[in-house]
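Just the heavy atoms: all of them, side chains too, but no hydrogens, waters or symmetry mates, feed the values below.
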Amino acid sequence: MPWDIQDTMSLREEFVCLAGQEGANRRELCRRFGIRPQTAYKWLARYANEGKAGLLDRSRRPQFSPVQTPAEVQAAVVDLRREHPAWGGRKISRRLQDLGQVTVAPSTVSSILHRHGLIAPQAAEDKAWQRFEHEFPNALWQADFKGHFETLQGRCSPLTVLDDHSRYNLVLQACGNSRTQTVRDSLEATFRRYGLPARMNFDNGAPWGSPSQPGQVTELGLWLIRLGIRLSHSRPYHPQTNGKEERFHRSLKAEVLNGRSFENLPHAQTAFDRWRQVYNHERPHEALQMQTPISRYRPSPRAFPEVFPAIEYGPDDQIVRVKWNGELRFRGRKFKLSNALHRHDVAIRPHPTEDGIFDVYFAHHRCLNIDLNQPVAAD
């Protein structure tokens, strides 16, 4: 991923945060970020001694002094609220603490906001509730497009990818379309930087799947399977299956998109990059006990392969090649698979307990269940 996609300071901070985590493979991170080890160790040393200011190009910012008086406390609260209008008392309280300022109770922050007319008396923060989350980073990534919006020069469709465990935002890209190649290019750059997840979850719309045939393998899905990534899809008309992505999209809308217009895709991308830095590194997350996503994320040890690994099937599998239009022929019957599997070999395995039932696999992915007990449909 080129260095000019995000600003240099954001990338440097992201690198040192990831490289400073216990067990981090710093040489591998250098390769993924495209920097020399000597440069990386220089940044790590500066960051350890000076914090974020050490990542500047030989300039130094004065450290912000902890507030000493109630007036300064109020000024700090007001400044944060104006910088992040969607943040409530809990987030601002935690962010002040992370910045090394005095501890201010969330209720005190809310009172200050009310006193300065920055929060409506009837407004209340969203009720916190627990969602299921995977135990480790990169066990599951959720991906989707945020609904498109118009810029002055055309449509923007934000592509987003979120790590389930940490809520770390891996992709926030202003795309001009939602075509397969656009998504693949973005994901490849992401895989090269952060490694491969064990599984990815999508909805059933293009390019992830087919609304008429939920779970169908698309060209994009075929590529992900070849990379060894397991695929899953949300149930049709149940967007809550990708709930963390949906929640991320609401935050993106509230904190970046509402009330704003953009000239073009680069203008939108600049705003996305700035907010992504805040979201991952600064914004306390209530579902993470007010930690930031970067504090819980680790890059995947599974590096992006330059060559697809060979597909291996079991000795008892019946290997069949998929024909034109995704047609599969088995025991005198025809079955419909995905067009993307044309000319690929699939494995047919009998069900371990039920006679006449077979599963069709491409690599590790189960594509189809065949029930030979069902009567053949008339032509």
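No chain of hydrophobic side-chain contacts below 4.5 Å, direct or via other Ile, Leu, Val, Met, Phe, Trp or Tyr residues, connects Ile92 to Met290. Val16 is connected to Leu29 through a chain of hydrophobic side-chain contacts under 4.5 Å among Ile, Leu, Val, Met, Phe, Trp and Tyr, so both are in one cluster. No chain of hydrophobic side-chain contacts below 4.5 Å, direct or via other Ile, Leu, Val, Met, Phe, Trp or Tyr residues, connects Leu341 to Trp324. With hydrophobic clusters built from ILVMFWY side chains whose heavy atoms lie under 4.5 angstrom apart, Ile229 does not share a cluster with Phe136. Ile294 and Leu44 fall within the same hydrophobic cluster, defined by Ile, Leu, Val, Met, Phe, Trp and Tyr side-chain heavy atoms under 4.5 Å apart, directly or through other members.
Gln173 and Ser186 form a side-chain donor-acceptor contact under 3.5 Å, judged by distance and modelled atom types alone. Between the side chains of Asn138 and Tyr297, at least one donor N or O lies within less than 3.5 Å of an accepting N or O. Judged purely by distance below 3.5 Å, without hydrogens or angles, the side chains of Gln181 and Asp185 pair a donor atom with an acceptor atom. Side-chain atoms of Arg94 and Thr292 form no donor-acceptor pair, as typed in the model, at a separation below 3.5 Å. A donor-acceptor contact closer than 3.5 angstrom is absent between the side chains of Thr270 and Arg274. For the 3.5 Å distance criterion, the side chains of Asn280 and Glu14 fail to qualify, holding no donor opposite an acceptor. A donor and an acceptor atom, one from each side chain of Gln277 and Glu13, are located under 3.5 Å apart. In summary, the side chains of Asn264 and Thr151 do not present any donor paired with an acceptor at a separation below 3.5 Å, with no hydrogens or angles considered. At a cut-off of 3.5 Å, with distance as the only test, a side-chain donor of Asn177 or Thr182 sits close to an acceptor on the other residue. Side-chain N/O atoms of His351 and Thr353 include a donor and acceptor closer than 3.5 Å.
Put simply, the side chain of His342 does not reach to within 4.5 Å of the side chain of Asn325, judged on heavy atoms. Between Leu11 and Phe15 there is no side-chain heavy-atom pair separated by less than 4.5 Å. The shortest distance between side-chain heavy atoms of Tyr168 and Leu170 falls below 4.5 Å. You'll find the side chain of Asn169 stays beyond 4.5 Å of the side chain of Val161, heavy atoms only. With a 4.5 Å cut-off on side-chain heavy atoms, Trp87 and Pro284 count as touching. For the pair Leu152/Ser261, no side-chain contact is recorded, criterion being any heavy-atom separation below 4.5 Å from C-beta on. For the pair Leu337/Glu327, no side-chain contact is recorded, criterion being any heavy-atom separation below 4.5 Å from C-beta on. Here the side chains of Arg298 and Leu18 are not in contact, with every heavy-atom distance at 4.5 Å or above.
Put simply, CD on Gln374 and CD1 on Ile357 are 7.5 Å apart, with the number rounded to the nearest 0.5 Å. One finds the CZ atom of Arg226 at 5.5 Å from the CZ atom of Phe308 (value rounded to the nearest 0.5 Å). If you take CD1 on Ile370 and CG on Asn373, they are separated by 12.0 Å, rounding to the nearest 0.5 Å. To the nearest 0.5 Å, atoms NZ (Lys52) and CG (Leu56) are separated by 8.5 Å. Taken to the nearest 0.5 Å, the NZ atom of Lys334 stands 10.0 Å off from the NZ atom of Lys323. Taking CZ of Arg36 as the reference point, atom SG of Cys30 lies at 10.5 Å (rounded to 0.5 Å).
The number of heavy atoms from other shown groups lying within 6.0 Å of CD (Glu312) does not exceed 12. Within a 6.0 Å radius of CG in Asp355, no more than 12 heavy atoms belonging to other residues, nucleotides or ligands are found. Residue Glu219 qualifies as open at atom CD: its count of foreign heavy atoms under 6.0 Å is 12 or below.
Heavy atoms only, all atoms of each residue included: Ala303 and Arg31 are closest at CB-NH2, 4.0 Å. Leu220 and Pro207 get closest at one heavy-atom pair: CB-O, 3.9 Å.
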One pair to check against side-chain contact (heavy atoms from CB on, under 4.5 Å): Tyr361 and Val346. What are the steps and the verdict? CA-CA 6 Å; Tyr361 281 85; Val346 297; over 6 Å; no
Between Leu231 and Arg199, does a side-chain contact (heavy atoms from CB on, under 4.5 Å) hold up when you go through it step by step? CA-CA 6 Å; Leu231 307 184; Arg199 179 164 67 95; over 6 Å; no
Are Trp141 and Asn201 close enough, and set up right, to give a side-chain contact (heavy atoms from CB on, under 4.5 Å), and what steps lead you there? CA-CA 6 Å; Trp141 290 2; Asn201 191 75; over 6 Å; no
I would like to know whether Ile225 and His364 meet side-chain contact (heavy atoms from CB on, under 4.5 Å); could you show each step before the answer? CA-CA 8 Å; Ile225 292 169; His364 59 264; 3.8 Å; yes
Side chain to side chain donor-acceptor pair (under 3.5 Å) assessment of Ser251 paired with Arg247: CA-CA 6 Å; Ser251 297; Arg247 182 65 183 87; 2.8 Å; yes
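Partners of Asp316 under the side-chain contact (heavy atoms from CB on, under 4.5 Å) rule, at least two apart in sequence or in another chain, do not exist in this structure.
None of Arg283, Gln142, His285, Gln291 except one satisfies the side chain to side chain contact (heavy atoms under 4.5 Å, CB included) rule with Arg167; the exception is His285. Just one residue in the list Ser300, Pro197, Pro305 forms a side chain to side chain contact (heavy atoms under 4.5 Å, CB included) with Phe191, and that residue is Pro197. When Cys175, Ser157, Cys156, Ser178 are each tested for a side chain to side chain contact (heavy atoms under 4.5 Å, CB included) with His148, only one passes: Ser157. Paired with Thr160 under the rule side-chain hydrogen bond (donor to acceptor under 3.5 Å, both in side chains), one option of Arg276, Lys146, Glu245 passes, and it is Glu245.
Arg26 places a side-chain N or O within donor-acceptor distance of the main-chain N or O of Ala19, the cut-off being under 3.5 Å. Between the Arg296 side chain and the His165 main chain, a donor and an acceptor come within less than 3.5 Å of each other. Using modelled atom types, one side-chain atom of Asp317 and one backbone atom of Gly314 make a donor-acceptor pair closer than 3.5 Å. Here the side chain of Arg192 pairs no donor or acceptor atom with the backbone of Arg32 at under 3.5 angstrom.
Between Phe145 and Trp208, the two ring planes are tilted [angle within 30° to 60°].
The pair Arg349-Asp359 does not count as a salt bridge, with every side-chain nitrogen at least 4.0 angstrom from each carboxylate oxygen. Salt-bridge formation is detected for the pair Glu282/Arg95: a Lys NZ or Arg NE/NH1/NH2 atom is positioned less than 4.0 Å from an Asp or Glu carboxylate oxygen.
The hydrophobic cluster containing Leu172 also includes Phe149, Leu162, Phe248, Leu252, Val256, Leu257, Phe262, Phe272, Trp275, Tyr279, under a criterion of side-chain heavy atoms closer than 4.5 Å among ILVMFWY residues, counted directly or through chains of members.
With ring centers used as reference points, Phe335 lies 6.0 Å or more from Phe330.
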